[in-house]
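Positions are given from 1 along the sequence.
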Amino acid sequence: MSVRLADVIEVLDEAYPPRLAQPWDSVGLVCGDPDDALDSVTVAVDATPAVVDEVPDAGLLLAHHPLLLRGVDSVAASTPKGALVHRLIRTGRSLFTAHTNADSASPGVSDALADALGLTVEEVLEPLTAAGDLDKWVVYVPRENAEAVQAAVFEAGAGHIGDYSHCSWSVGGIGQFLPHDGATPAVGSVGTVERVAEDRFEVVAPVRARGAVLAAMRAAHPYEEPAFDIFALVPPPSDAGLGRIGVLARPEPLRSFVSRVGAALPKTSWGVRAAGDPDLLVSRVAVCGGAGDSLLAAAAGADVHAYVTADLRHHPADEHRRASNVALIDVAHWASEFPWCGQAADILRSRFGAALPVRVCTIRTDPWNVECHGDGGGSS
């Protein structure tokens, strides 16, 4: 069975939907022909020259961090990143990135980090909140005209739910009105209370179709002044978003939990550093793969004992410690995201099996590569 690049992209887009990416981000196919057959996939956090060297010809490099992001206006071979793109293309290799979409997906980067630390995920630290994009329309219409009015609003874009169209719900009742001077009622007469057998029907419609649905409903409705309601719908709760909250099987002191983190993640010169009472019992933990000081407030209000993330800066960490008893565990950015590589690899293996070899690149692409042991010297 031949696996095309397009087949792999379909699986990755399902696992890490591009719509979850931050507006500033750049995710998806960087180079490669979707119609090309793939011989292998290599998964890594970063697309560096050393990592690219490990990708076989006609293989795909699936990277977490984008190679081309801000301010890119050239991929000339005379530039470092351009040279890498040229190397990939010359050998039929492809590059695909899943970045903030993989951060927010479920499961995603923070789920992989939580799993590596032995945490059972219970909830999202900062759930994804999307603006509502659907209205519910409630329309009251004489029973004999209901079918025609429904047909008109369906034609205008209402009534779609997933793979279904012409969706509605109806119930019968009695409508009442009293026409006054100046009215030209379609039913009844001025000065007389009128009662009419009516249907109340409900449909959903995209917010963007609000004007079209209103015009179609008014044009098809027999009444001079139709009765209707429009309700803006709130999106249902989502399991997507940044960070996760998980629990340990048994509580343990902070000093032991910090050791757990150090043992679970790959070694880096950054190491693992923590702030908090070493004897604090830890059982409920927030995690965020990658730079996570933007979620310090969310962690402080999440009823957790500790927060594991990367790239914590001095002042945000200091302010957090002054205001909160939630311990902080800071690790290298690369180390916090490396567990995702195994997650992504497993997703592809489960879909393609032996037809597509998938491996995780173990090269440490953390930019910090020298550490001091306190003796005045350094080692890599």
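Ring planes of W368 and W270: tilted class, angle from 30 to 60°.
E54 CD: more than 12 foreign heavy atoms inside a 6.0 Å radius. When the shell of 6.0 Å around CD of E224 is examined, it contains more than 12 heavy atoms from other residues, nucleotides or ligands. Atom CD of E123 has more than 12 heavy atoms from other residues, nucleotides or ligands within 6.0 Å.
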D366/T268 under side-chain hydrogen bond (donor to acceptor under 3.5 Å, both in side chains): CA gap, chis, key distance, verdict:
CA-CA 7 Å; D366 184 61; T268 64; 4.8 Å; no
Decide yes or no on side-chain contact (heavy atoms from CB on, under 4.5 Å) for V124 and I245, but give the supporting numbers first.
CA-CA 6 Å; V124 180; I245 297 172; over 6 Å; no
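A327 and G276 get closest at one heavy-atom pair: CB-CA, 4.3 Å.
Under a hydrophobic clustering in which Ile, Leu, Val, Met, Phe, Trp and Tyr are joined whenever their side-chain heavy atoms come within less than 4.5 Å, directly or via other members, L280 and V258 fall into the same cluster. In the hydrophobic cluster analysis, where Ile, Leu, Val, Met, Phe, Trp and Tyr join through side-chain heavy atoms closer than 4.5 angstrom, V109 is grouped together with V11.
The salt bridge (Lys or Arg N to Asp or Glu O under 4.0 Å) with R313 is formed by just one residue from the set D293, D330, D318; it is D293. Checked options D239, D115, D111, D103; the residue passing with R244 is D111 (criterion: salt bridge (Lys or Arg N to Asp or Glu O under 4.0 Å)).
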For residues 167-174, which side-chain N or O atoms pair as donor and acceptor with protein atoms under 3.5 Å away, sequence neighbours left out?
from: S168; atom 1: OG; to: Q150; atom 2: OE1; distance (Å): 3.1

List the atom pairs, with distances to 0.1 Å, where a side-chain N or O of residues 188-196 and a protein N or O form a donor-acceptor pair under 3.5 Å, not counting sequence neighbours.
from: R195; atom 1: NE; to: Q176; atom 2: OE1; distance (Å): 3.1
from: R195; atom 1: NH2; to: Q176; atom 2: OE1; distance (Å): 3.3

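Residue pairs meeting the ring pair (Phe, Tyr, Trp, His ring centres under 6.0 Å) criterion with at least one member in residues 28-66, sequence neighbours excluded: H64-H99, H64-W340, H65-H99, H65-H333.
Between R200 and E202 there is a salt bridge, with a side-chain nitrogen of the basic residue lying less than 4.0 Å from a carboxylate oxygen of the acidic one. Under the 4.0 Å criterion applied to side-chain N and carboxylate O atoms, D35 and R4 are assigned as salt-bridge partners.
Judged purely by atom type and a 3.5 angstrom limit, T309 uses its side chain to pair as donor or acceptor with the backbone of G292.
Ring centroid separation for the pair F177 and Y223 comes in under the 6.0 Å cut-off.
The shortest side-chain heavy-atom distance between L281 and E252 does not fall under the 4.5 Å cut-off.
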